[in-house]
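Notes follow once the structure below has been shown.
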Amino acid sequence: MNQSESFSEAAGGAATATAPLIRMEGVKKVFLTEEVETHALADVHLEIEEGEFLSIAGPSGCGKTTLLSILGLLDSPTEGEYDLDGTPVARLSASQRATIRNRHIGFIFQAFNLIGDLNVFENVELPLTYRDMPSGERKERVMKALERVGMSHRTRHYPAQLSGGQQQRVAVARAVVGDPLILLADEPTGNLDSTNGEAVMELLNELHSDGATICMVTHDPRYAEYAERQIHLFDGQIVEDRVRSPEVIEELRESGYEVEL
Amino acid sequence: MTFLDTLRQDLRFAYRQIRRSPGFTASVILTLALGVGASVAMFTVVNAVLLRPLPYPHPDRLVELLPGENANIALATVVSESAPDIEAWTGLSGWTLTLTGAAEPVAIPTQMVDAGFFRVFGVQPLLGRAFRPADRNRDRSDVVILSWSLWQSRFGGDPSIVGRRLALDGNGHAFRTVVGVMPRGFHGPAALDGSDFQAWAPLDAPPGRTVATDSTWYVNTIVGRMRPGATVDGVATEVRATMERLHDRFPEVIDRDAVRAAGATGVLASMVGDVSRPLWTLLGAVGLVLLLLCANLANLLLARGEHRRRELAVRTALGAGRSRLVRDQLVESLVLSLAGCAVGIGLARLILAALRVTRISGLPRAGSLPLDPRVLAFAVGVSLACAVGFGLLPALRASSGAIRAGIGQGRRSEGSRSGRRLGRVLVAAEVALALVVVTGAGLLLGSLRALRSVDPGLDVHHVLDLRLEPPSHAYEGGGGGRARALYSELRARLGALPGVESVGAIQLLPLTDGNWAFPYLAEGHPPPQGAPLPSANFRVVTPGYFRTLGIPLVAGRLLGPDDREDGAPVGLVNATMARQLWPGESAIGKEIELFGSEPFRVVGVVGDVHQRSLREAPRPEMYRPLAQYPLAGMDVLLKTEGDPTALIGPMTRSVHDVAPDVPVARTRLMGDVLTDSLARERFFAGVLAFFALLALALGAVGVYGVMAYQVGGRQGEFGVRMALGATPGRILRRALGDGLLPVGAGIALGLAGTLVSSRLLSSLLYGLRPTDPATVTAAVVILASVAAAATWIPARRAARVDPMAVLREE
């Protein structure tokens, strides 16, 4: 994955070559309502290297989605530091965060979140339109992304005309079209049946094999095992952070899963 | 299930739905009441003025015969008797008689009529007899028929009133014998200002007069009753043929213009005059407001339909057909509409009272605004139309097949493309409708402003008018000595009152409808061959009149106390007359000969005054001194240092001291006269401005509602866009753009509509073209600003969407 030159401009900092892609230090997230103070994340330390495939698991309400949102700059930490590619990004304005999201982060959602009024091509093109990219280059990139997910024959279809699996493939194409530093996937198989779920996981796996850094939230252990590194969250804290062993991979293969590293 | 069972069930369900959401119900009913109230109020005026039949038997057979020029009695007789389609006819003329006697003197508005009056209007006196043809004879015309109300108020309903001789002075008689009393509730065909007559007396004429020699030029109107089956057009043809014949015989009296202008018109149409089109236009404007309102309510119901998707889907699954679902929702709309109708009718009465239509509109026949069955039917009809207007579309949409799929979906809809398209159409329509109404109001307000800036040619500040109606036989008789003495004495007495700066009098006030116009022959202008003499306005004034009203002297001198009865006949002309008659030379010293009167010499030229209204350019006008042309009835004008109303008491006492038999028929401020002359323009502009404000408010609410609904439905989309890197500014611009695009389309549509609708108002415009660029631009700017503000709020909300919160919901 390419690193954009404009990243440090948008973030207002300077990237360092030796830093991990993502570094979180003492990140806390507290939600305040009128009566209750909820600690969604408590003192999270996390580093993700470029090219890693990481899964985040844990029970409902443990802070998985909150962590993913902070990673994706959809939300800010209440406390703590967050460096993306060596640049501090914890305290940026909404516009600066939007620019970084657009150029360096790709999102895949459980509910696909394709825009119903836009056809497949336009949905995938959407992040590029926010970059003021020339249309010729946009078209080239979109077609490439759609070919990558096997949906280039459906460019004029609208989301409602596609199956769930196809919609998620388009969503993946939209996530990768901008050549982001990291793909963040929030339960990407949650709305799919097992066949389509596995197909999407295979797609992610292929992207990873091509060098993509992926961080995926899932509560399904079968899909978590696709990742080479698994993090377990409980009550807003990382209680387990392990790298998958070759034995486990073998075990998965014996169970009928096709697993590639 | 029988129809009644089904209806009962539908109503029960509608009632439950309505009860379940009281806020929604209240807002729908109040919005409807506002629209229905405004439209019923406007329709009540239209009904009273234009639609309500005249209160006479077979009013459609009443026709006004138009000889094309002022009629004298001889002309009225020839024209009417020559029309085979006319079975009865009468001349009509307004007059003021003065009733003196034991009680206070009082001015009695009297209608001078012919013997045919009773047949024309299908009425017979309650007591006594109607007039007879013989009553036209001057020796026998000293009779009168009283109105029921005058009989009651002045004579206590005395049953022996018939045969009594009253000191009822005016129009050639000092006394008149009561020959009858009209039935209660009978009103003569009122003058256009809505005044009511309290007595009827015969039009009379000296015997042997012809069309050419008759000087009874005061027959204002000739009304005929057509034979059954006859048409107004047929009568018009007959009148034109008669005038053609008279022109051939009396070319020096009847000119070609009169023949061209001759014809006939329905009496109702004649009374209504030129207000018909503007009134229908206003009703059309209220129709546009109603459409706006329906669009708003439809939007409200569309939003509500989204909330009811699941319920409708379940009902569909249980076997309800589409027509049944639509009907359920229409019944609900109907119930809401009828409730809005009931509140709206009440509101209409309040609006009419607040606008004081009956008192200040200046409209003919607007003296009473009955809530008759036609108005009620209109109110119910409008409400039913509204129910279908705002209920059908949402009902069809909510029950469409796409919705039924909702049963399997728990997820909130983004709002389909067709739904959003519908929203955009609604916004464009609302903006277009509002622009048409706002532009119309702008044009009328601009015209009113232009009229107000017209120099009336006189200064009304601190001037009070006292209308005196001395018994004319007594005061004008014997050479008018008493009239001269009266106004001379009054000038001295009133001018001596503390605070009075000057006093003057004129027989007809400027800026009112009354007019005297005399044919004349001016020095240096030979009489036209084979054509009538030109005519000019004729006014009689006392010394001090011009100073009191601040009318400037342009050349020569004003009329003064030295211009006496036995002095050389003198007079003044206005600047227009001087310019027209003697361009490039002085008018002073020129001689003017009046038809049937002595010649006079022009001693001065005075500034132009708008005689009838500010809208009409000043006509040629001449002034004679009262001393040389004595008249009884005059408007005495007083210019005071301070508030003139404080002096009304002392002034009327002075009049009574000088002449106990002279009634003060009316007192009013000249400022009010000027204001009243613009009453109609003010009414139309005010009403349309009210509708424009309503349209603006409804348009703003509509645009806001559609935008808020669509932004609400697109939260997910905005969240996704933000997640993909759209900045808040970009989201704001996008939402604004999405909202303003249909606003722009609406403005383009509205401009096209304005081109058509503004022409309907052209008769009310003054100094502005129907397409006045400044007004149209201002209307567009106002509407665009309001729409932009209404779009801005939901757009800003879109830009503030928390993508986290939205995506978490998804």
Side-chain angles (χ1 to χ4, degrees), chain A residues 4 10 29 31 40 61 64-70 72-76 92-119 123-132 158-160 171 174-175 177-178 180 184 186-187 190-191, chain B residues 306 400-406 408-424 710-735 737-739 741 796-810:
Chain A
S4 168
K29 182 67 186 178
F31 291 110
K64 300 188 296 286
T65 303
T66 304
L67 178 57
L68 201 71
S69 301
I70 291 174
L73 299 186
L74 287 172
D75 209 349
S76 311
L92 299 178
S93 70
S95 292
Q96 287 171 319
R97 290 208 309 264
T99 305
I100 294 174
R101 274 200 306 273
N102 179 240
R103 292 174 183 270
H104 304 294
I105 296 168
F107 280 101
I108 302 164
F109 304 100
Q110 176 180 350
F112 327 135
N113 284 331
L114 297 177
I115 294 175
D117 280 349
L118 306 181
N119 63 27
N123 262 290
V124 177
E125 186 189 26
L126 194 58
L128 302 183
T129 61
Y130 298 141
R131 295 189 191 183
D132 301 324
Y158 283 89
R174 183 178 63 182
V177 73
L184 300 177
D186 189 2
E187 301 275 11
N191 277 17
Chain B
E306 290 296 322
S400 69
I403 295 300
R404 283 179 220 155
Q409 296 177 4
R411 215 149 49 82
R412 194 181 51 177
S413 161
E414 275 185 358
S416 72
R417 272 188 300 162
S418 67
R420 250 176 281 160
R421 203 177 306 125
L422 189 62
R424 284 196 286 266
Q710 296 202 344
V711 164
R714 292 174 69 190
Q715 294 238 333
E717 178 197 323
F718 291 130
V720 172
R721 284 178 182 273
M722 287 180 117
L724 296 178
T727 58
R730 196 181 271 270
I731 295 286
L732 179 72
R733 284 196 297 276
R734 178 169 191 90
D738 286 354
L741 201 69
R796 202 182 50 175
R797 200 176 301 145
R800 288 180 177 174
V801 160
D802 177 1
M804 261 304 294
V806 172
L807 295 173
R808 191 175 286 142
E809 271 185 52
E810 294 288 338

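Naming: A, B, ... by sequence-line order, numbering from 1 per chain. Bear in mind the structure is a predicted one, so any value in this text is a computation, not a measurement. These values consider heavy atoms only, across backbone and side chains, with no hydrogens, waters or symmetry-generated copies.
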Quiz prompt | Partners meeting side-chain contact (heavy atoms from CB on, under 4.5 Å) with B/Ala726 (sequence neighbours left out) | solution = A/Tyr130, B/Arg721, B/Arg730, B/Ile731

Practice problem: Measure A/Leu74 against the heavy atoms of chain B and call it side chain, backbone, both or neither at under 4.5 Å. | Solution: both

Exercise. Report the residues that fulfil ring pair (Phe, Tyr, Trp, His ring centres under 6.0 Å) with A/Phe109, sequence neighbours left out, ordered by chain and then residue number.
Key: A/Phe107

Quiz item: Do you know which of B/Leu724, B/Val720, B/Asp802 has the most heavy-atom pairs under 4.5 Å to chain A?
Solution: B/Leu724

Exercise. Can you tell which part of A/Thr129 gets under 4.5 Å to a heavy atom of chain B, answering side chain, backbone, both or neither?
Key: backbone

Quiz item: How far apart are the closest heavy atoms of A/Asn102 and B/Gly725, and which atoms are they?
Solution: CB-CA, 3.4 Å

